[in-house]
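To start, the structure under review is shown below, and the notes come after it.
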Amino acid sequence: MSDQHERFMRQALDQARRAAAVGEVPVGAVVVCDGMPVAAAHNRREIDQDPTAHAELIAIRAAAAKLGAWRLTDCTLYVTLEPCAMCAGAVVLARMVRLVYGATDPKAGACGSLMDIVRDDRLNHRVEVVAGVLADECAAVIKEFFAARR
């Protein structure tokens with residue numbers, strides 16, 4: 001695992017912990033372009049009462065606004081949990097070059113678990129995927145969150 005992947009995944013983990021602190025499912029995301037973070041976010045579905053307020057979508061929107069372009073072709077998305085179908089679709093539509101995620105999501109993951117939207121040959125863009133970066137730590141944050149809720 002590259003030091004860069006670990007460094008940016010730790011930033012995504014910080015975002016996930018912020019989500020947990022405000023009662024959101026702890027998923028964090030960071031968009032990196034040319035080796036620099038340009039946007040970071042965590043889940044806000046409960047806060048915003050918005051079913052689309054996933055960390056990935058918020059971070060992608062913020063990166064596009066900051067960079068002044070919807071095509072994020074030189075960008076990598078780091079996220080603590082394997083993206084769902086909605087977020088995987090957004091990664092493809094944003095033309096991101098790479099997705100790096102921590103924990104797999106066997107119930108909703110759309111980047112290799114249930115389906116593989118980001119690498120589907122039928123779509124007009126495919127994304128390089130690096131899975132399992134700090135996977136145990138990413139999974140632990142989610143497990144601890146739900147264990148405390150029970």
Side-chain angles (χ1 to χ4, degrees), residues 1-20 22-135 137-139 141-142 145:
M1 169 178 28
S2 82
D3 290 340
Q4 178 174 316
H5 290 335
E6 186 173 322
R7 179 170 40 116
F8 292 125
M9 187 60 73
R10 290 208 180 282
Q11 291 179 23
L13 275 162
D14 288 343
Q15 288 292 321
R17 290 183 181 102
R18 290 179 188 187
V22 295
E24 293 282 353
V25 173
V27 176
V30 176
V31 176
V32 174
C33 294
D34 298 322
M36 298 296 297
V38 296
H42 59 73
N43 276 0
R44 294 183 53 91
R45 290 187 308 173
E46 298 298 329
I47 292 167
D48 295 348
Q49 289 299 294
D50 178 355
T52 69
H54 290 203
E56 301 96 319
L57 289 184
I58 297 166
I60 289 169
R61 285 183 194 126
K66 182 170 185 174
L67 297 172
W70 66 266
R71 288 181 187 91
L72 303 177
T73 55
D74 295 326
C75 296
T76 298
L77 175 68
Y78 289 84
V79 62
T80 57
L81 182 66
E82 178 183 359
C84 69
M86 174 181 66
C87 294
V91 170
V92 171
L93 293 172
R95 311 294 197 270
M96 299 186 95
V97 68
R98 185 178 306 104
L99 164 69
V100 180
Y101 71 84
T104 59
D105 186 350
K107 293 183 179 180
C111 301
S113 290
L114 289 181
M115 59 194 87
D116 200 353
I117 291 172
V118 295
R119 292 178 284 206
D120 191 318
D121 288 336
R122 296 169 295 178
L123 298 176
N124 65 338
H125 180 73
R126 274 149 303 290
V127 179
E128 175 190 341
V129 176
V130 178
V133 175
L134 300 178
E137 194 170 340
C138 291
V141 171
I142 293 169
F145 176 80

Evaluate the criterion side chain to side chain contact (heavy atoms under 4.5 Å, CB included) for residue pair Leu93 and Trp70; output intermediate values, then yes/no. CA-CA 9 Å; Leu93 293 172; Trp70 66 266; 5.9 Å; no

For Cys33, the disulfide (SG to SG under 2.5 Å) test, sequence neighbours excluded, returns Cys75

What pairs meet the side-chain hydrogen bond (donor to acceptor under 3.5 Å, both in side chains) rule with one or both residues in residues 52-68, with sequence neighbours excluded? Asp50-Thr52

Quick one: side chain to side chain donor-acceptor pair (under 3.5 Å) partners of Tyr78, sequence neighbours excluded? His5

What are the two closest non-hydrogen atoms of Pro26 and Ala16, and how far apart are they? CB-O, 3.2 Å

Looking at every heavy atom in both Met9 and Gly102, which two are closest together, and how far apart are they? CE-N, 3.5 Å

What is the distance from atom CG of Leu134 to atom CG of Leu13, rounded to the nearest 0.5 Å? 6.0 Å

Using the side-chain hydrogen bond (donor to acceptor under 3.5 Å, both in side chains) rule, collect all pairs that involve residues 80-94, keeping only residues at least two apart or in two chains. Glu82-Ser113

Once you round to the nearest 0.5 Å, how far does SG of Cys138 lie from CG of Asp105? 12.5 Å

For Ala62 and Ala39, which heavy atoms make the closest approach, and how far apart are they? CB-CB, 3.7 Å

Quick one, Val97 and Asp74 - any side-chain contact, counting heavy atoms below 4.5 Å? no

Keeping Glu24 on the side-chain end and Ile47 on the backbone end, is there a donor-acceptor pair under 3.5 Å? yes

Would you give the length of the straight line joining atom SG of Cys84 to atom CG of Leu57, rounded to the nearest 0.5 angstrom? 7.0 Å

Heavy-atom pair with the smallest gap, counting every atom of Ala41 and Ile58: CB-CG2, 3.5 Å

Heavy-atom side-chain proximity of Asn124 to Arg95 below 4.5 angstrom: yes

Over all atoms of both residues, closest heavy-atom pair of Ile60 and Val31: N-CG2, 4.2 Å

Kindly state each residue pair satisfying side-chain hydrogen bond (donor to acceptor under 3.5 Å, both in side chains) with at least one member in residues 27-45, sequence neighbours excluded. Arg44-Asp48

Mind checking what makes side chain to side chain donor-acceptor pair (under 3.5 Å) contact with Asp120, not counting sequence neighbours? Arg122

Please find the pair of heavy atoms, one from Ala88 and one from Val118, that lie closest to each other, and give the distance. O-CG1, 3.7 Å

